[in-house]
Amino acid sequence: MNFIVILLALLLAVCVALLLIERRRARRFVRWITDPAHNPMPEMSATWGLAAAYTRRALGREQAHANESAARLATLLAALDALPVGIVLLDREGRILFCNAIAAAHFELDPARDRGQHIVHLVRDPAFVAWHEQHADTPLEMTAHPDAPGLSSRLMVQRQPYGDDCALLLFTDVTAQRQTEAMRRDFVANVSHEIRTPLTVLAGFVETLQSLTLSRDEQTRYLALMAQQTTRMQALVADLLTLSRLEGSPPPGMNERADLRELTTQCAAETHALSVRLYGADAQKIEIETAPDFDLAATPAELRSAMSNLLANAVRYSGAKGKINARWSRENNGGARFEVADNGPGIAPDHLPRLTERFYRVDRSRARHAHGEDGTGLGLAIVKHVAERHGGTLQIISILGQGSRFALVFPQARVVAGQTEKSL
Ligand code: ADP
């Protein structure tokens, strides 16, 4: 009996010992399988070895899968980040899950710090908050950075629901579009205004001629005034067509040739004639050097239009008995310069940046009466366009009360050896 008890006790002790050993092995195994980098591989029986191999393979597959998913997600987020539109992903509560770089810049968000924040706590524009809370499916136009005028831009925001009540907000910058629309509206308004004035004058004269019996002299005088208005409208239409041609045609190639002596001689003759026509005996003292020893790779008609615009302005604005000088010269950097200087009234500095805007005039009444003919208000816009199409610039230096200098400056690449041998 005692012997049997001892045997059973021994058996029990062996079983407990074996169980403890297995438990230790199992622990070591689990430690190794879950973190093989920091735990040594335990000694294993064939069965444990097999189990380990299967588990390791399954874990490896799982890990590779997880790595692949993480890499795919990172690529996707990088692509969203690189999109030229702002994107914000929101959860069902309206908390930010992700925002790309453009959206972050629009609203000064920090993509990492602001994750999990409610969008309406960060984008506080009341129109946006109301729109967001209504879950509106029509787009909203709003302003980004309304307090920083230099940075402020017009944004169109659209909401696209996705997943489980989540939403994707898409912010498109429509600033340039709105500016173009405004420019187009202003342009149409300006053109209408410019045409309406001479038309009203013409209509008045027509009515007078129809309703009153006029002497021959009066008739002649009225007809001359009507002709003046027609000329004004023709000039406007011609300048508008020139501008649209300049905008619609490809930039002048380097094979084009403008014979500067010929162009300058033609412009000089026109300028003298204009001055005499406007001021008669008080015509200005005009000196134009007509013999540059180089030519330009430029479209002759465009260059001529730019040069004659500058010369005509000098004549019209510098007044009777003024002095006008014009010449071509070379720049230190090899470029070319056509400068027209007058001793007219000059232009105040605050007008200078706007002079080349379409229809911008420093002083409408002076522009109208000082030279007896209306300008179209498009001259310098055309000049600037021509300069830029040739890779050049229009420089304006003017001092109020002393005079103005307008210069067309072209890069060296446009300068070519003079070809005209004519003596001028
Ligand atoms: P406009 O047809 O009125 O002459 P421009 O575009 O040629 O239009 O010129 C714009 C404005 O610039 C003119 O209305 C005038 O006020 C000013 N301006 C241009 N040239 C001169 C100049 N040489 N001296 C003074 N003001 C000038």
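Worth knowing before you read on, the calculation uses all heavy atoms, side chains too, and leaves out hydrogens, waters and symmetry mates. Values in this document were obtained by computation on a predicted structure and should not be read as measured data. Each ligand, and each atom within it, is numbered from 1 in the order the structure gives.
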Between Ile324, Asn325, Ile288, which is the residue that forms a side chain to side chain contact (heavy atoms under 4.5 Å, CB included) with Val340?
-> Ile324
When you look at CD of Gln160, are more than 12 heavy atoms from neighbouring residues, nucleotides or ligands closer to it than 6.0 Å?
-> no
Considering only heavy atoms of Gly377, which atoms of ligand 1 have at least one such atom less than 4.0 Å away?
-> 1 (P), 2 (O), 3 (O), 6 (O), 8 (O)
Nitrogen or oxygen of Pro345 less than 3.5 angstrom from that of ligand 1 | no
Return yes when Phe406 approaches ligand 1 closer than 4.0 angstrom through a heavy atom, no otherwise.
-> yes
Go through ligand 1 atom by atom and flag the ones less than 4.0 Å from a non-hydrogen atom of Ser404.
-> 24 (N)
Arg92 with Asp164: basic N within carboxylate O range, under 4.0 Å | yes
Could you tell me whether Arg113 and Glu108 have a side-chain N and a carboxylate O separated by less than 4.0 Å?
-> no
Using a strict cut-off of less than 4.0 Å between a Lys/Arg side-chain nitrogen and an Asp/Glu carboxylate oxygen, indicate whether Arg178 and Glu181 qualify as a salt bridge.
-> yes
Under a 4.0 Å heavy-atom limit, does Tyr360 contact ligand 1 with its side chain, its backbone, both, or neither?
-> backbone
SB check Arg327 Glu339 (cutoff 4.0 Å) = no
Side chain, backbone, both or neither: which part of Val383 comes within less than 4.0 Å of ligand 1 when only heavy atoms are counted?
-> neither
Those atoms of ligand 1 less than 4.0 Å from some heavy atom in Gly379 | 5 (P), 6 (O), 7 (O)
Element-labelled atoms of ligand 1 that are located less than 4.0 Å from some non-hydrogen atom of Arg361 | 3 (O), 14 (O)
Is Ile347 close to ligand 1, meaning an N/O of one under 3.5 Å from an N/O of the other?
-> no
Lys/Arg-Asp/Glu bridge criterion (N-O < 4.0 Å) met for Glu194, Arg361 = yes
CE/Met183: more than 12 non-hydrogen atoms of other groups inside 6.0 Å = no
For ligand 1, find out whether one of its N or O atoms is nearer than 3.5 Å to an N or O atom of Leu355.
-> no
Between Glu357 and Arg354, is the closest basic N to carboxylate O distance under 4.0 Å?
-> yes
Find all atoms of ligand 1 within a distance of less than 4.0 Å from any non-hydrogen atom belonging to Leu380, and give their numbers and elements.
-> 5 (P), 6 (O), 7 (O), 9 (O), 10 (C), 12 (O), 19 (C)
Measuring from the heavy atoms of Gly344, does anything fall under 4.0 Å of ligand 1?
-> no
Should you measure from each heavy atom of Thr376, which atoms of ligand 1 turn up under 4.0 Å away?
-> 2 (O)
Which is it for Arg316 and ligand 1 at heavy atoms under 4.0 Å: side chain, backbone, both or neither?
-> side chain
Does ligand 1 have an atom that lies less than 4.0 angstrom from a heavy atom of Asp342?
-> yes
Say whether, by atom type as modelled, one donor and one acceptor occur between the side chain of Arg389 and the main chain of Leu246 under 3.5 angstrom.
-> yes
